[in-house]
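So you know, we letter chains A, B, ... as the sequences are listed, proteins then strands, and number each from 1. Predicted model only: the values in this text are computed from it and were never measured.
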Amino acid sequence: MSEQMVDRSAVAAQQPSTTASPRKEAGYVHRHRADWRGWKFMWPFALVFVFVFVVPIVYAVWISFFQNRMIGGTSFVGLQNYSRLFVDAQFWSSVGRVALFTVVQVPIMLFLAGVMALALDSLKLHGTKFFRISTFLPYAVPAVVSTMIWGFVYGSKYGLVGSLNDVFGTNIDVLKPSVLLAAIGNINTWEFTGYNMLIFYSSLSTIPHALYEAASIDGASEWQTIRRIKIPELRGSLAITVIFSIIGSFQLFNEPSVLQNMVPGNAITTYYTPNMYAYNLSFAGGQSNYAAALAIVMAVMTMAIAYMVQLKSMKEQMK
Amino acid sequence: MRNSKKTLAAIVAAASLVGFAACGSSADSTDASTENATGQIVFWGWDSGNSMKDIIKQFEKANPGITVKFNNTGTANDTSTALSNAIAAGNGAPDVVMLEDPTVTQFAVTGGLVDLSKFGADSYKSDFAQGPWNKVQYDSKPYALPIDSGPEMFFYNKAVFDKAGVDAAQIKTWDDYYAAAKKIRATGSYITNVSGGANDYQPFTAQAWQAGAQPWKVNGDNITINMTKDAGMQKYIAFQQKLIDEDLIDTKTTNWSDDWNRELNDGTLASLTIGAWMPVNLISGAPDQAGNWRVAQLPQWKSGEEVSAEDGGSALSIVSQSKNQAAAYKFIDYLTHGDGAQIMADTGTFPSLKSILSSKEFVDPTTASNKKTNDYFGGQNVNKVLSEAAQRPVTAFQYLPYNPYAQNAYGDEIAKAYTKEISLEQAMQNYAKNLAEHGKQQGYTVTLK
């Protein structure tokens with residue numbers, strides 16, 4: 001869940017509202033002559049934006065209409081890459097896997113993050129600062145490093161799990177194919193709970209103190225304060241964290257890639273997640289055009305889901 | 001790199017920028033005389049012996065007028081990825097590139113590399129060991145010169161074998177190996193590990209190759225894939241299936257994983273069949289077993305035979321984009337066939353040049369590097385055994401022109417046989433289908449048997 005990525009998709013998800021407003025405003029400013037002075041301030045950004053954002057996307061769309069073969073070279077194939085993708089069982093199995101991952105892992109993580117944020121905000125904890133920093137710390141550890149650490153913990157032969165097995169005489173293997181996805185989910189939860197907690201916590205801290213005072217004068221219990229004041233306040237940030245988390249889960253790549261060599265039996269295939277599939281198609285399979293088509297389909301899918309969540313949460317907030 | 005869209009975008013952005021700058025002129029220097037070659041050449045490769053700087057300095061001294069700019073491009077995979085991007089972009093490729101032997105054909109097929117016979121490299125045929133030489137041929141022409149080689153060897157932990165009451169020196173055939181595997185399993189150890197992952201692809205090809213298998217036949221645009229009906233493949237599959245069924249091999253440990261090193265170090269794994277470049281990895285990966293490991297010739301499929309096979313090995317090629325091919329050839333000639341080859345061998349590269357393999361210094365147990373290795377191997381003269389293996393005859397073996405894909409897909413299909421979900425024969429059939437499908441995507445005419 002790299003932050004830049006998150007920003008970009010958030011922007012993309014909000015686009016409908018931002019493109020709507022200038023048109024409306026145009027009605028008010030049309031008496032002014034066209035003024036290009038603004039562009040003088042804009043051009044450094046616009047230039048960078050076009051080159052690092054617009055050009056690569058347009059180029060990726062462009063190359064997704066071609067096919068490059070070892071025999072026969074590059075040829076225009078129209079939408080053939082897309083039609084092939086829609087019947088590619090490996091692709092859909094990877095999409096199914098990250099969808100399952102999202103449906104299970106995101107609610108658990110956000111629930112934990114919400115509970116932690118409420119606990120911090122209750123002001124009843126000792127060492128709040130330490131708690132806040134230490135839950136956020138995993139987010140600061142590069143995903144590759146934390147996955148390796150978890151890989152060593154999970155090892156059923158020489159890892160911590162192996163040592164526990166020795167002590168208790170059990171034979172638990174948390175990396176076997178049937179529970180592997182849950183093991184990865186655990187790593188992600190560890191990494192990102194603190195990050196989401198911080199978002200919740202910051203929105204809780206914007207609640208004016210007068211509200212709490214009024215509540216306590218009215219004789220509200222701690223539980224009622226949470227239900228009637230704090231949780232409604234969390235709704236707005238919940239939409240953001242859900243969107244961030246969905247995007248992050250659909251882009252699952254680091255954790256399975258690093259674990260690949262630590263997991264027995266090749267349980268992490270080259271098409272374990274859509275991103276891993278695209279990576280392997282492009283760099284081992286020599287099919288960057290097909291990988292580009294895959295990337296675009298995934299981007300559209302992720303944006304559509306993020307947009308749906310956004311719409312739903314906006315409707316709820318209107319209530 | 002969670003987001004491949006971003007990665008891809010960055011790459012295409014870079015590629016498009018390069019594209020703008022490209023003037024699209026391809027190399028026109030077909031001058032085959034290297035006599036008066038001068039100028040700068042760019043060289044991509046990896047530097048496992050940490051000796052490239054020194055070798056380049058020596059080369060520049062011996063060839064005034066030529067300067068070499070070395071870019072350490074990381075692993076073999078990174079290098080071939082970078083090269084294919086540069087070739088696709090039509091610009092930005094180096095003059096000389098280091099490649100793993102089986103990837104040479106992939107670039108030769110698509111015209112990315114120069115046929116070295118125009119510089120007379122074909123006359124070197126008898127100077128190089130047969131295994132590595134065969135691997136760099138495409139259409140009967142050399143497209144690279146081998147820089148090292150990796151004859152498949154049988155490394156074993158004598159202490160574990162002794163405990164099981166097996167004299168490993170008497171293991172001459174795979175049947176002997178199977179009998180030993182049973183005795184070793186009875187002590188709690190495994191004779192070796194095979195998990196069917198992508199890292200087992202090289203040992204698989206080597207062992208099947210040794211059995212005389214011809215799973216892939218490439219003839220121009222035509223590929224024949226025969227993974228299950230070929231006699232050699234059947235021999236290999238039946239043998240592996242026996243080991244899997246009787247729980248004689250550790251199927252849960254992947255080569256090059258952390259667990260692998262630990263199991264080599266604590267004696268859980270009693271032996272390895274792997275390339276001759278392994279000693280240095282054993283010394284660092286299994287330090288507790290110093291003095292216990294030995295090396296021997298690969299067990300044979302038929303008793304009395306002396307057939308070898310290759311596992312790994314790399315080579316140097318000239319890229320078609322190069323505008324200074326004469327100087328580039330001078331450099332690769334120096335590194336693989338000239339004085340540079342000796343320096344490489346002295347710094348730990350396993351040579352492919354017969355003159356070095358059979359030289360006195362190579363097997364001299366008193367040199368510092370040989371002494372260190374021999375001490376680890378309980379005083380055995382390691383290089384003597386390895387050099388004997390390197391000079392054994394090998395049959396012809398063809399890799400697919402899309403070898404990196406074949407290696408990647410291997411794990412996806414074959415691991416299921418080692419987790420006992422399906423039989424190895426079934427897994428090989430699925431693998432063959434997968435490879436055939438990819439071949440068709442790449443424009444080949446594929447016959448699947």
Task: Any donor-acceptor pair under 3.5 Å from A:T102 side chain to A:I246 backbone - done: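 Checked: no pair found.
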Open item on the list: Quick check on A:Q67 against chain B: is it the side chain, the backbone, both or neither that has a heavy atom closer than 4.5 Å?
Closed with: side chain
- [ ] Against chain B, label A:F152 side chain, backbone, both or neither, depending on which of its atoms sit under 4.5 Å from a heavy atom there.
- [x]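 For A:F152, the contact with chain B is made by the side chain alone.
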Open item on the list: I'd like to know which of B:D200, B:T253, B:T251 tops the heavy-atom pair count under 4.5 Å against chain A.
Closed with: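 Most pairs with chain A among the choices: B:T253.
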Open item on the list: Under a 4.5 Å cutoff for heavy-atom pairs, which residue among B:G439, B:A198, B:S257, B:S195 has the most contacts with chain A?
Closed with: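 Highest number of heavy-atom pairs under 4.5 Å: B:S257.
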- [ ] Among A:G286, A:G72, A:A267, A:G285, single out the residue with the greatest number of heavy-atom pairs under 4.5 Å to chain B.
- [x]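 It is A:G285.
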Task: Option in A:I71, A:T273, A:T74, A:I268 with maximal non-hydrogen atom pairs under 4.5 Å from chain B - done: A:I71
TODO: Decide, yes or no, whether a salt bridge links B:R262 with B:D266 under the criterion of side-chain N to carboxylate O below 4.0 Å.
DONE: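 Salt bridge: no.
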Task: Close approach to chain A in residues 401-420 of chain B, criterion heavy atom under 4.5 Å - done: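 Those residues of residues 401-420 of chain B which have a heavy atom under 4.5 Å from chain A are B:P401, B:Y402, B:P404, B:Y405, B:N408, B:G411, B:D412, B:A415, B:T419.
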Contacting moiety of [X], where chain A heavy atoms sit under 4.5 Å:
{"X": "B:N255", "value": "backbone"}
{"X": "B:T268", "value": "side chain"}
{"X": "B:D250", "value": "side chain"}

Are any of the side-chain heavy atoms of [X] and [Y] separated by less than 4.5 Å?
{"X": "A:Y290", "Y": "A:S282", "value": "no"}
{"X": "A:V98", "Y": "A:P274", "value": "yes"}
{"X": "B:K217", "Y": "B:Q398", "value": "yes"}
{"X": "B:V319", "Y": "B:L83", "value": "yes"}
{"X": "B:L248", "Y": "B:T192", "value": "no"}

Task: Contacts of residues 154-165 of chain A with chain B (heavy atom under 4.5 Å) - done: A:K157, A:Y158
Open item on the list: Does anything in residues 144-151 of chain A reach chain B? List residues with heavy atoms under 4.5 Å apart, or say none.
Closed with: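 No residue falls under the 4.5 Å cut-off.
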Open item on the list: When you compare the side chains of A:N289 and A:N68, does any donor N or O come within less than 3.5 Å of an acceptor on the partner?
Closed with: no
Open item on the list: I'd like to know if the side chain of A:S64 pairs up with that of A:Y82 as donor and acceptor (distance under 3.5 Å, no hydrogens or angles considered).
Closed with: yes
Task: Spacing of B:E100 atom CD and B:T103 atom OG1 [to the nearest 0.5 Å] - done: 6.0 Å
TODO: Calculate, to the nearest 0.5 Å, the distance between atoms OG1 and CD belonging to A:T270 and A:Q260 respectively.
DONE: 7.5 Å
- [ ] Run the ring-centre check on A:Y279 versus A:F283 and record whether the distance is less than 6.0 Å.
- [x]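 Yes, the ring of A:Y279 comes within the 6.0 Å limit of the ring of A:F283, centre to centre.
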TODO: For A:L259 and A:I187, run side chain to side chain contact (heavy atoms under 4.5 Å, CB included): C-alpha distance rounded to whole Å, both residues' side-chain angles, the deciding distance at 0.1 Å, then the answer.
DONE: CA-CA 11 Å; A:L259 278 182; A:I187 300 177; 4.1 Å; yes
Task: Whether B:Y201 and B:F204 hold their rings parallel, tilted or perpendicular, with breakpoints at 30° and 60° - done: tilted
- [ ] Show your reasoning for whether side-chain hydrogen bond (donor to acceptor under 3.5 Å, both in side chains) applies to B:W256 and A:N261.
- [x] CA-CA 8 Å; B:W256 308 106; A:N261 203 29; over 6 Å; no
Task: Intermediate values then yes/no, side chain to side chain contact (heavy atoms under 4.5 Å, CB included), A:M298 and A:F250 - done: CA-CA 8 Å; A:M298 280 312 292; A:F250 269 70; 3.4 Å; yes
Task: Any residue meeting salt bridge (Lys or Arg N to Asp or Glu O under 4.0 Å) with B:D247, in chain and number order, not counting sequence neighbours - done: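 Here the qualifying residues are B:R185.
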